[in-house]
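Sequence lines set the chain letters: A, B, ... in the order given, protein chains first and strands last, and positions in each chain run from 1.
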2 protein chains.
Amino acid sequence: MEFETAKAKFIQAWGTLGSSWGINRTMSQIHALLIINTDPLTTEEIMAELKVSRGNVNMNIRALMEWGLVNKELVPGERKEYFSAGKDIWQVARQIAKERKRREVEPILDVISQVKNAEGDGKEVEEFNRMMQEIEDFTSKADTTLDKFIKSDENWFYKTLLTLMK
Amino acid sequence: MEFETAKAKFIQAWGTLGSSWGINRTMSQIHALLIINTDPLTTEEIMAELKVSRGNVNMNIRALMEWGLVNKELVPGERKEYFSAGKDIWQVARQIAKERKRREVEPILDVISQVKNAEGDGKEVEEFNRMMQEIEDFTSKADTTLDKFIKSDENWFYKTLLTLMK
DNA sequence: TTAAACTTTCAATTATTTCTGAAAGTTTTT
DNA sequence: AAAAACTTTCAGAAATAATTGAAAGTTTAA
């Protein structure tokens, strides 16, 4: 497959994947574009490449920087801002895990700890509390595992796999 | 906290969580409702509890059944259909992992295998191919780990944690 | 076979999210 | 201090997704 076609296809696919995980398409596409570009790009270049507006690029670049996935690069002698994305895919995954944990896993743990001792009679209430406890246990464990992953070096995953396979 | 309040709060939070993971709110809420109900519910009951329309319940119940998260229950002597959700939270997580893997991880692996040997000259193309290879390696590993999880018994997770902690 | 009970479908509406583009804001240069 | 180069904001427009509700479809009972 020819390079330009391949590039477009990858950006497109990455955008779709992001969508189905609750990340806006343009945001994923900008990220994909910056990942596959060796050199940093300007807002103008991103606009041209993805055919989207200045406002859209600005907004999503900022979101990507908040997620810690994209950095502003200062090119000496240039006034424009350049943007680049981290190229280490493990680090990218860890960063995403970290942000999603903070934004989504932790809030749900909060809610569950609030509701898990509901007051009332009957097996309905009992069952509810039992279920909440189970969900809390599960989520805490997922949370701990995410932490391990977030703090891990690149080899953690391999080690884990090896352990599981033996 | 009083039971009814706790229940409402949990359903609400679960719906929000679902949203941010690309799952429609009503679908998550129905799932939450069925999880915390000991007895199966009818379409009418779900409509009343969540204040949503018949069409909406029907559509999302069917989606939940496709995901393998909800079952139709036949109550002897009753014409209406009753629905219930699996109560084992580990099994629920495995089922969700399975479906998302099939729907989202596998398609992206397909695309990457298509684009990873882009033709062209220059370091741009070389870098692109290197990056695609990295992403493919990563994704394959994630895929394998998901498989382990999907096929695991409830103790896998505990075992893994223990291994990591020692 | 007709009616009643129940489920499914889907066109139209409503809600939500995303995007645009022009104006306002900021910083640097002349 | 004015202009030029660039970035940010945000109200409205457009696109997308979710929801309704009534009609059509199906199954069971009378």
Side-chain angles (χ1 to χ4, degrees), chain A residues 11-34 40-67 70-84 100 103-104, chain B residues 11-34 40-67 70-84 100 103-104:
Chain A
I11 291 171
Q12 166 57 41
W14 207 250
T16 304
L17 185 68
S19 289
S20 68
W21 286 84
I23 288 157
N24 121 11
R25 221 183 72 228
T26 306
M27 182 170 157
S28 311
Q29 288 186 336
I30 294 176
H31 190 218
L33 178 61
L34 293 177
L41 298 179
T42 64
T43 300
E44 296 284 343
E45 289 167 325
I46 298 168
M47 285 167 67
E49 193 90 37
L50 301 180
K51 307 268 203 320
V52 295
S53 74
R54 185 177 302 285
N56 196 1
V57 171
N58 187 271
M59 207 175 79
N60 284 299
I61 276 283
R62 261 183 313 122
L64 284 164
M65 288 192 294
E66 272 169 37
W67 277 70
V70 161
N71 293 101
K72 205 177 269 192
E73 301 254 339
L74 303 169
V75 174
E78 283 272 19
R79 278 192 56 190
K80 302 196 248 296
E81 295 176 336
Y82 284 78
F83 302 98
S84 67
R100 296 209 81 145
R103 289 163 199 242
E104 291 140 21
Chain B
I11 290 171
Q12 167 57 40
W14 208 248
T16 304
L17 185 68
S19 287
S20 67
W21 287 84
I23 287 156
N24 125 6
R25 222 183 73 227
T26 305
M27 183 167 155
S28 310
Q29 290 185 335
I30 294 175
H31 190 218
L33 178 62
L34 293 178
L41 299 178
T42 62
T43 300
E44 296 284 344
E45 288 167 326
I46 298 169
M47 286 167 66
E49 193 89 39
L50 301 180
K51 308 270 203 319
V52 295
S53 73
R54 185 178 303 285
N56 198 358
V57 171
N58 186 271
M59 209 175 79
N60 284 299
I61 276 283
R62 260 183 314 121
L64 284 163
M65 288 192 293
E66 271 169 36
W67 276 70
V70 161
N71 293 101
K72 206 176 270 192
E73 302 255 337
L74 304 169
V75 175
E78 284 273 17
R79 278 195 54 193
K80 304 196 247 297
E81 294 176 337
Y82 283 79
F83 303 98
S84 67
R100 296 207 80 146
R103 290 163 200 241
E104 291 141 22

Okay, side chain of A:N58, backbone of A:R54: is any donor-acceptor separation there less than 3.5 Å? no
So, the side chain of B:E45 versus the backbone of B:T42: is there a donor-acceptor pair under 3.5 Å, distance only?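 Yes; judged by distance alone, with no hydrogens or angles, the pair exists.
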[X] [atom1] to [N] [atom2], straight-line distance once rounded to whole Å:
| X | N | atom1 | atom2 | value |
| --- | --- | --- | --- | --- |
| B:W21 | D:dA17 | CH2 | C1' | 20 Å |
| A:K51 | C:dG21 | NZ | P | 14 Å |
| A:E78 | D:dA4 | CD | C1' | 15 Å |
| B:K72 | C:dC6 | NZ | C1' | 11 Å |
| B:M65 | C:dT8 | CE | P | 7 Å |
| B:L74 | C:dC6 | CG | P | 14 Å |
| B:L41 | C:dC6 | CG | P | 16 Å |
| B:Y82 | C:dC6 | OH | P | 9 Å |

Look at all strands and tell whether A:R54 reaches a base, only sugar-phosphate, or nothing, counting heavy atoms closer than 4.0 Å.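 Base contact.
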Closer to the 5' end of DNA chain C via nearest nucleotide, is it A:V57 or A:R79?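 The 5'-side residue here is A:V57.
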Tell me which of A:M59 and A:R25 sits closer to the 5' end of DNA chain D, going by the nucleotide each one is nearest to.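 Here A:M59 is the residue nearer the 5' end.
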Listed nucleotide nearest any side-chain atom of [X], set [options]:
| X | options | result |
| --- | --- | --- |
| B:N56 | D:dT20, D:dT8, C:dT7 | D:dT20 |
| A:V52 | C:dT20, C:dT8, D:dG21 | C:dT20 |
| B:N58 | C:dT9, C:dC6, D:dT8 | C:dT9 |

Does C:dT18 have its OP1 or OP2 closer than 4.0 Å to a side-chain nitrogen or oxygen of A:N60? no
Looking only at side-chain N and O atoms, does B:T26 come under 4.0 Å of OP1 or OP2 in D:dT19?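 Yes, B:T26 has a side-chain N/O under 4.0 Å of OP1/OP2 on D:dT19.
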Contact summary for A:S20 and B:R100, nearest pair of heavy atoms: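 Closest pair (atom of A:S20, atom of B:R100, distance): O-NH2, 2.6 Å.
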How far apart are the closest heavy atoms of A:M65 and A:V70, and which atoms are they? CG-O, 3.3 Å
Tell me if the CZ atom of A:R25 is crowded by more than 12 foreign heavy atoms within 6.0 Å.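 Atom CZ in A:R25 is not crowded, with 12 or fewer foreign heavy atoms closer than 6.0 Å.
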